[in-house]
Engineer: 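Below you'll find the structure I mean.
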Protein chains: 2
Amino acid sequence: MKVLIVEDDPLHRSYLHEAVNAALPECDTVIEAENGTVGEKLARDHKSAHIVMDLQMAKRNGIEAARTIWKERPETRILFWSNYSDEAYVRGVSRIVPDGAAYGYVLKSASDERLKLALRSIFIESQCVIDREVRGLQQKSLGQTNGFTDSEYEILVDIALGLTDRAIAKRRGLSLRSVQNRLQQLYDKLDVYQSAGDDHEDGRFNLRARAVTVAFLRKLLNYSALERAEAELQEWLEGK
Amino acid sequence: MKVLIVEDDPLHRSYLHEAVNAALPECDTVIEAENGTVGEKLARDHKSAHIVMDLQMAKRNGIEAARTIWKERPETRILFWSNYSDEAYVRGVSRIVPDGAAYGYVLKSASDERLKLALRSIFIESQCVIDREVRGLQQKSLGQTNGFTDSEYEILVDIALGLTDRAIAKRRGLSLRSVQNRLQQLYDKLDVYQSAGDDHEDGRFNLRARAVTVAFLRKLLNYSALERAEAELQEWLEGK
DNA sequence: CAACAAGCTGCGGGTTTACGCAAGACGGCG
DNA sequence: CGCCGTCTTGCGTAAACCCGCAGCTTGTTG
């Protein structure tokens with residue numbers, strides 16, 4: 001069995017290497033990549049079926065890499081190993097995981113034991129292992145309760161990118177008014193009105209900008225999500 | 001000599017511990033803290049004069065911690081050891097370093113050698129050591145060339161927080177029109193008009209929101225900067 | 001001191017946002 | 001089928017935003 005490690009921090013990489021060796025005696029080869037681009041290439045060359053992937057990498061992040069890898073070989077098993085449990089990451093991952101694929105999401109703060117267990121469960125037993133903290137987010141995020149609908153999330157991203165109402169309407173195939181309706185919904189859920197009306201005349205917020213910030217502070221958005229969205233936007237702009 | 005290490009990743013922490021031992025034989029005690037809050041407390045209790053500090057920590061980030069530490073004892077020597085060289089961090093650090101203080105900024109990607117050298121230079125020789133990559137940013141950022149003025153940066157933060165023009169005017173003691181002038185300057189420098197006018201009628205951006213995003217993508221802003229700004233805003237709102 | 005650049009301010013107007021109101025469209029469900 | 005909730009769309013309005021124009025206050029420089 002071969003395992004590919006994609007992780008840009010050398011310390012973490014060697015830690016992972018050791019953990020894999022310890023947890024998987026049946027593994028005879030470990031390959032390492034220091035960013036997403038190299039990771040994709042190695043995965044392709046070696047036809048890797050077992051990958052441990054960091055999410056936040058400078059060059060090309062884990063979600064991008066995982067997406068192209070899964071596109072080529074959907075049965076690949078990937079364990080995401082991340083520092084954070086931002087809702088943006090969780091949402092990003094669940095967006096790209098193929099039907100029935102075995103994958104995992106473990107936080108770097110987890111114990112050695114937990115990491116090793118996850119490695120065995122996913123790579124040997126083909127089970128999904130999601131860190132309980134992440135799991136909580138997932139439920140909230142994807143279930144409708146308290147979470148955001150896809151359309152709400154979509155429009156959040158659109159205003160975060162800085163599109164006008166009109167541009168959003170065109171992009172999403174909606175009328176101007178519908179876009180604005182969704183915006184209102186979003187403002188509502190993000191509770192942007194908070195101190196807006198407290199001392200009238202005074203501390204009013206610019207709802208649109210405020211919504212983006214609040215989403216950021218709540219980890220609904222993060223750098224990597226923005227980066228991806230921006231890339232998609234540029235792509236769309238090309239295609240007129 | 002005593003050295004305090006403030007770093008939330010256990011792996012990095014023990015790596016630092018070893019590096020300190022290797023580089024500074026005259027150091028007899030090493031203390032560790034796993035976040036900013038604990039770091040502040042230990043620094044106070046031990047009257048630490050030599051600190052190695054991570055910037056990005058979940059609980060209370062390095063800039064906050066360094067600020068209060070320096071406020072209490074400005075002669076403290078601090079080596080910032082960070083993953084990133086975001087302009088937001090660089091700016092944040094240079095904002096809080098006291099006159100004539102010895103400090104350093106080394107990236108985690110630097111070699112062992114570089115780290116050890118920096119440790120000796122700062123703690124023994126009282127010299128400032130700034131990673132060359134960071135140095136570049138600093139020049140650009142604080143020198144006027146190509147960089148942003150304080151007032152431009154200020155207004156960038158204000159719109160990022162989601163304040164209205166009127167609110168900004170009140171907060172900064174300016175007229176409405178002046179605020180808008182500064183906004184125009186900002187839009188100009190951030191080059192927000194880029195594809196705005198390309199296919200007229202169509203892909204227009206909302207300048208205000210776009211400016212924030214562009215700043216984010218350029219690392220002019222980041223989570224930690226937003227977080228700090230939000231805290232300051234809340235404080236200001238309290239004080240009416 | 002005159003001259004000039006840089007920043008603040010008011011005025012005016014064109015555009016974009018935010019949102020109430022109300023009229024369809026669509027899909028369950030009794 | 002008729003009732004109801006959710007989603008979409010158009011109309012209209014008040015507010016906010018973007019910005020050109022022009023008069024003022026500064027600080028700088030020859």
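Lettering follows sequence order; numbering is per chain, from 1.
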Engineer: With sequence neighbours excluded, tell me which residues meet side-chain contact (heavy atoms from CB on, under 4.5 Å) with B/T68.
Structural biologist: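 Residues passing side-chain contact (heavy atoms from CB on, under 4.5 Å) with B/T68: B/E40, B/R60.
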
Engineer: Residues in side-chain hydrogen bond (donor to acceptor under 3.5 Å, both in side chains) with A/Y84, at least two apart?
Structural biologist: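 Result, side-chain hydrogen bond (donor to acceptor under 3.5 Å, both in side chains) vs A/Y84: B/Q56.
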
Engineer: Using chain B heavy atoms and a threshold of under 4.0 Å, write down where along DNA chain D the contacts begin and end, 5' to 3'.
Structural biologist: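 Endpoints of the contacted stretch of DNA chain D: D/dA16 to D/dC21.
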
Engineer: Could you tabulate the donor-acceptor pairs under 3.5 Å formed by side-chain atoms of residues 218-225 of chain A, not counting sequence neighbours?
Structural biologist:
residue : atom : partner : partner atom : Å
A/R218  : NH2  : A/L190  : O            : 3.2
A/N222  : OD1  : A/S224  : N            : 3.3
A/N222  : OD1  : A/A225  : N            : 2.9
A/N222  : ND2  : A/D86   : OD2          : 3.2
A/Y223  : OH   : B/L217  : O            : 3.4

Engineer: Holding to side-chain contact (heavy atoms from CB on, under 4.5 Å), I want the full list of residues that pass it with B/S85, two or more places apart in sequence or in another chain.
Structural biologist: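 Per chain and number, B/S85 pairs via side-chain contact (heavy atoms from CB on, under 4.5 Å) with B/L107, B/E133, B/V134, B/L137.
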
Engineer: Show every salt bridge (Lys or Arg N to Asp or Glu O under 4.0 Å) that has at least one partner inside residues 96-109 of chain A, sequence neighbours left out.
Structural biologist: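 Residue pairs passing salt bridge (Lys or Arg N to Asp or Glu O under 4.0 Å), neighbours aside: A/E7-A/K108, A/D54-A/K108.
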
Engineer: For B/V106, what residues pass the side-chain contact (heavy atoms from CB on, under 4.5 Å) criterion, not counting sequence neighbours?
Structural biologist: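 Residues passing side-chain contact (heavy atoms from CB on, under 4.5 Å) with B/V106: B/L79, B/W81, B/A110, B/A118, B/D131.
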
Engineer: Applying ring-ring contact (aromatic ring centres under 6.0 Å, His included), can you list everything that pairs with A/F216, at least two apart in sequence or on another chain?
Structural biologist: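 So A/F216 forms a ring-ring contact (aromatic ring centres under 6.0 Å, His included) with B/F216.
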
Engineer: Tell me which residues in residues 176-184 of chain A lie within less than 4.0 Å of DNA chain C, going by non-hydrogen atoms.
Structural biologist: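 Only A/R177, A/Q180, A/L183, A/Q184 qualify.
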
Engineer: If you pin B/L174 and A/Y187 to their nearest nucleotides in DNA chain C, which one's is more 5'?
Structural biologist: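 Result: B/L174.
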
Engineer: Can you give me the first and the last nucleotide of DNA chain C (5' to 3') that has an atom within less than 4.0 angstrom of a non-hydrogen atom in chain B?
Structural biologist: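 Nucleotide range with atoms under 4.0 Å of chain B: C/dC8 to C/dT17.
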
Engineer: Listed by chain and number, what are the side-chain contact (heavy atoms from CB on, under 4.5 Å) partners of B/E75, not counting sequence neighbours?
Structural biologist: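 For B/E75, the residues satisfying side-chain contact (heavy atoms from CB on, under 4.5 Å) (neighbours in sequence not counted) are B/R73.
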
Engineer: Determine yes or no for a side-chain-to-main-chain donor-acceptor pair under 3.5 angstrom, with B/W70 supplying the side chain and B/P98 the backbone.
Structural biologist: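 No, the answer is negative, given that no donor and acceptor are paired below the 3.5 Å cut-off.
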
Engineer: With sequence neighbours left out, write down each residue that passes ring-ring contact (aromatic ring centres under 6.0 Å, His included) with B/F123, or none if nothing qualifies.
Structural biologist: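 Expected list: B/H50.
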
